[in-house]
Chemist: 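Mind having a look at this structure? Questions to follow.
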Amino acid sequence: MRAGFESAVEINDIEASKRMAIIAQNAQWFEDNSPIDAKYKKTNVVGITYKVVNVVMEGGDMAPSTAIGVNLPNAEWIREKHGSKSVSLGNIVDAYNKDNSGGLLEEFCWDEAQVKRAKAHSQLAAKLHTALHEVIGHASGKMNNGITKDNLGQYGSTLEEARADLVALYYIMDKKLVDIGIIPSLEVGMAEYDDYIRNGMMVQLRRLQAGENIEEDHMRNRQMIAQWVYEEGKKDNVIEKKIRDGKTFFVINDYEKLRSLFGRLLNIIQTVKSTGNEAEGKRLVETYGVKVNTNLHTEVLKRTKVLDIAAYRGFIQPRLTPVIVNGVITDIKIDYSESFAEQMLRYSKTYNFLPLVN
């Protein structure tokens, strides 16, 4: 067995939480209208809570590279009986979205229309994808009696993240979101589809060294989904592989058919999870999510090297100093004067007594 530790000091974003609460309030509608088999749907979705927070400081596996959302508990039976709690890290999402990644959009988008759509809608699309993933995705579906995520072995985490992503992808192009005032138009969903396919098929490969396979669960999940819908949609040219000036692009030609493919794969993975079908789960992950196209990987590394941007981003944790007046803490001074390198060297010196546990 292995364990990880995550910690965050946070401040509730009350207004943002109110705006997004409508997603949790419609959880039963999302469950009822899901494309999964009816026998795996929850008849009574209970106990879903969702809030947006701004993190002040993070530790453990939350730092220096951080998640953008957290969903608890991990135990499936608790989710089904009592519900689940989702937290979106609002200022982290904002930080990622405001970083234009040094020209990645211009390098990997097929045309200016894609770039404009991304710049206009990607921030809202990313926040909504996170909310749907955490609040609806992880809370949806139910297991057969006696089945737990352990039945899926080492593939359980990848398949669970894929399931939650597919819920988000399926609903982010649903007119219901326009009707309840979450998005202004389906252009938001189209921007998310563009980004997801672009990232899953190509951009995320910049995180790997030449010759490596994909090992991380979220990366496996994204490639598995993108590769599966690309292959399944070939006969209808749903996603087209285009070459221009020696550079590869993946262009979505039919967003509605792509949504239908996301729904089909969601049903497949929900069935795999609900029945504990490890063999089918393994086939999906190993076929679509692990192996990397060597030529495509080489191309991505070459194209991103020119941009000179890091594949991962880390966050500087502030130095917090209490202001004490007459024995009472009246304020907290927040100091961001350290560089990232200085922070990490200080951590190494100050906390080197902490054991590393395998």
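Note that this is a predicted model, so its numbers are computed, not measured.
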Chemist: side-chain hydrogen bond (donor to acceptor under 3.5 Å, both in side chains): which pairs involve residues 318-329, sequence neighbours left out?
Modeler: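 Of all non-adjacent pairs touching residues 318-329, none passes side-chain hydrogen bond (donor to acceptor under 3.5 Å, both in side chains).
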Chemist: With rounding to the nearest 0.5 Å, note down the distance linking NZ in Lys127 to CD1 in Ile183.
Modeler: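 Answer rounded to 0.5 Å: 14.5 Å.
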Chemist: Asp13 pairs by side chain to side chain contact (heavy atoms under 4.5 Å, CB included) with which of Val53, Leu89, Asn54?
Modeler: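 Only one option passes, and that is Asn54.
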Chemist: Considering only NZ, NE, NH1 and NH2 on the basic side and carboxylate oxygens on the acidic side, decide whether Glu299 and Lys302 come within less than 4.0 Å.
Modeler: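 Looking at Lys302 together with Glu299, the answer is no, because their closest N to O distance does not fall below 4.0 Å.
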Chemist: So which heavy atom on Val52 is nearest to which on Ser17, and how close?
Modeler: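 Distance-wise, the nearest heavy atoms are N-OG, 2.7 Å.
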Chemist: Using ring centroids (six-membered ring only for Trp), state whether Tyr171 and Phe262 fall under 6.0 Å.
Modeler: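 Ring centres of Tyr171 and Phe262 not closer than 6.0 Å.
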Chemist: Please determine if Glu80 and Lys42 form a salt bridge, counting it only when a charged side-chain N lies under 4.0 Å from a carboxylate O.
Modeler: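 No, Glu80 and Lys42 are not salt-bridged.
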Chemist: Are Arg303 and Phe108 in a cation-pi setup, meaning NZ or CZ lies under 6.0 angstrom from the ring centre and within 45 degrees of the ring axis?
Modeler: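 Judged by the rule, Arg303 and Phe108 form a cation-pi pair.
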Chemist: Working to the nearest 0.5 angstrom, can you tell me the gap between Leu152 CG and Leu159 CG?
Modeler: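 Result: 6.0 Å between the selected atoms.
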Chemist: Any Lys/Arg nitrogen of Glu161 or Arg220 sitting under 4.0 Å from an Asp/Glu carboxylate oxygen of the other?
Modeler: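 Looking at Arg220 together with Glu161, the answer is no, because their closest N to O distance does not fall below 4.0 Å.
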Chemist: In chain order, what residues pass the side chain to side chain donor-acceptor pair (under 3.5 Å) check against Lys119, with sequence neighbours excluded?
Modeler: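 Applying side chain to side chain donor-acceptor pair (under 3.5 Å) to Lys119 gives Glu106.
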Chemist: Quick one: which residue pairs count as a side-chain hydrogen bond (donor to acceptor under 3.5 Å, both in side chains) with a foot in residues 337-348, not counting sequence neighbours?
Modeler: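 Output for this query lists Asp335-Ser337, Glu338-Arg346, Ser339-Glu342.
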Chemist: When rounded to the nearest 0.5 angstrom, what is the spacing between CG in Asn253 and NZ in Lys242?
Modeler: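 Going from the CG atom of Asn253 to the NZ atom of Lys242 covers 6.0 Å.
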